[in-house]
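Inspection log for the structure reproduced underneath, given as structure tokens.
Source: prediction; values computed, not measured. Start at 1 with the first residue, then count along the sequence.
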Amino acid sequence: MRSKTKRTSYNDHNFITSKDSYLEDEILFGIHPIHSALARGRRLFKNIFIRTTLHRQLAYPESNLDTPDGQGLSDIWKCTTGLGLPVSPVNNSKLDKLAKYGIHQGICAMVSPYQSQCIDNSDVGVTTRPVLWLLIDNVKDPMNMGALVRSAVYFGVGKLIVSPSCSRLSPVVSKASAGAMEYGDIYQVRNSAQLLEELKASGWDILGAVCSSDNSTHLSEIRSVNRNTLLIIGSESRGVDNSLLDYCNRLVNISAAPGAPPYLDSLNVGVATGVMLNHFTQLLR
């Protein structure tokens, strides 16, 4: 089944709300993504597929599912039965194929595509207290993308913006984020440079994350956040696109400890982002 969507634009650059194309329903897999999607209520559920043995256990209240995964499955079962959603018991081979051999934990769901959000003009202007946004650029690996989304949601980033060069917000990303993608308000922008130009004109502090360089500031040297701030994170291989770095007020790095092996010149992008977001959100409190 296909769901029709339409585009919403912010000034001249378009934020994708998945609305001017026809997108296929997709298969969400794993306990946390499905549980989170049900709780958030932004996706339309068409069918739930559960491993036959689990279906048999869940159908009987006296079944012992006293584990974190078992509790998650029980919560999903209560929600699906309460909503009257169709549930199909299937064998593990069927689930493997539905999840394209991802780790499904015995459950998959056919759902409508993820709907990204739209930034309103009022979001860019003056706020009562400084806010932190995160822009992800050039991150194509869905596992890294999921880790970034998880960190952004965990640390309460105001808005998570994804550039056109990034991985699609797929079920694989949702699984890698442990379902955080379903909770987060994620914005997909068609023209990152134009967004940065407007934010900078509105007085935002634009920071670009880079490996250590002569013209960058070590993260520990930033001791206060007194205006709205946007942090740009790039991929491990390419980093942030140079065209976006041109809009930055400052470049920020995380230095290795003295004596670290020379080949360890940077952190995994997910780890580096977690370190930076922890630092900035602490300053905002």
Side-chain angles (χ1 to χ4, degrees), residues 10 13 15 117 119 123-140 144-145 147-167 184-256 265-285:
Y10 171 76
H13 50 272
F15 285 88
Q117 307 296 302
I119 293 179
D123 294 329
V124 176
V126 178
T127 55
T128 54
R129 55 180 298 181
V131 298
L132 175 67
W133 291 4
L134 178 67
L135 171 62
I136 303 176
D137 182 57
N138 278 330
V139 176
K140 300 185 185 300
N144 280 337
M145 193 71 178
L148 293 174
V149 171
R150 182 174 183 171
S151 293
V153 174
Y154 183 84
F155 287 110
V157 167
K159 282 179 173 50
L160 172 56
I161 305 165
V162 178
S163 78
S165 59
C166 286
S167 166
D185 291 328
I186 305 177
Y187 303 79
Q188 291 182 280
V189 63
R190 292 187 185 276
N191 192 329
S192 301
Q194 191 168 353
L195 170 65
L196 294 179
E197 184 177 352
E198 293 187 21
L199 291 176
K200 195 167 183 179
S202 297
W204 283 62
D205 196 12
I206 311 296
L207 306 179
V210 295
C211 292
S212 182
S213 65
D214 293 337
N215 63 340
S216 65
T217 302
H218 189 271
L219 182 66
S220 63
E221 295 176 21
I222 300 177
R223 298 186 176 92
S224 65
V225 176
N226 51 26
R227 56 177 168 154
N228 292 336
T229 300
L230 181 138
L231 173 65
I232 312 174
I233 293 288
S235 69
E236 294 173 23
S237 56
R238 293 181 55 191
V240 178
D241 193 275
N242 287 332
S243 65
L244 301 186
L245 290 177
D246 291 340
Y247 291 96
C248 294
N249 302 100
R250 288 178 290 177
L251 303 181
V252 185
N253 74 77
I254 302 173
S255 300
D265 59 351
S266 64
L267 292 169
N268 167 276
V269 64
V271 174
T273 301
V275 171
M276 288 193 171
L277 292 183
N278 180 62
H279 181 80
F280 286 118
T281 53
Q282 290 292 328
L283 294 178
L284 284 168
R285 290 177 181 171

Non-hydrogen side-chain atoms of Thr273 and Leu267 separated by less than 4.5 Å: no
Any side-chain heavy-atom pair of Pro130 and Leu284 under 4.5 Å: yes
Distance (rounded to the nearest 0.5 Å) between Asp205 CG and Ile222 CD1: 7.5 Å
Atom pair CD (Gln188) and OG (Ser163), whose distance is rounded to the nearest 0.5 Å: 9.5 Å
Side chain proximity check, Ile206 to Leu135, heavy atoms < 4.5 angstrom: no
Considering all heavy atoms, the nearest Arg285-Arg129 contact: CA-NH2, 4.2 Å
Donor-acceptor pair, side chain of Glu236 and main chain of Val269, under 3.5 angstrom: yes
Contacts of Ser167 that satisfy side chain to side chain donor-acceptor pair (under 3.5 Å) - sequence neighbours left out: none
Side chain to side chain, Tyr187 and Trp133, heavy atoms closer than 4.5 Å: no
Residue list, side chain to side chain donor-acceptor pair (under 3.5 Å) with Glu197, at least two apart or on another chain: none
Arg227 atom CZ: more than 12 heavy-atom contacts under 6.0 Å: yes
Sequence-distant partners of Ser266, side chain to side chain donor-acceptor pair (under 3.5 Å), two or more places apart: none
Between OG on residue Ser151 and CD1 on residue Ile233, distance to nearest 0.5 Å: 9.5 Å
Separation between NE2 of His279 and CZ of Phe155, rounded to the nearest 0.5 Å: 12.5 Å
Val210 side chain near Leu245 side chain, heavy-atom distance below 4.5 Å: yes
Close side-chain approach of Tyr247 to Ile232, heavy-atom, < 4.5 Å: no
Beyond-backbone contact of Asn249 with Lys200, side-chain heavy atoms, under 4.5 angstrom: yes
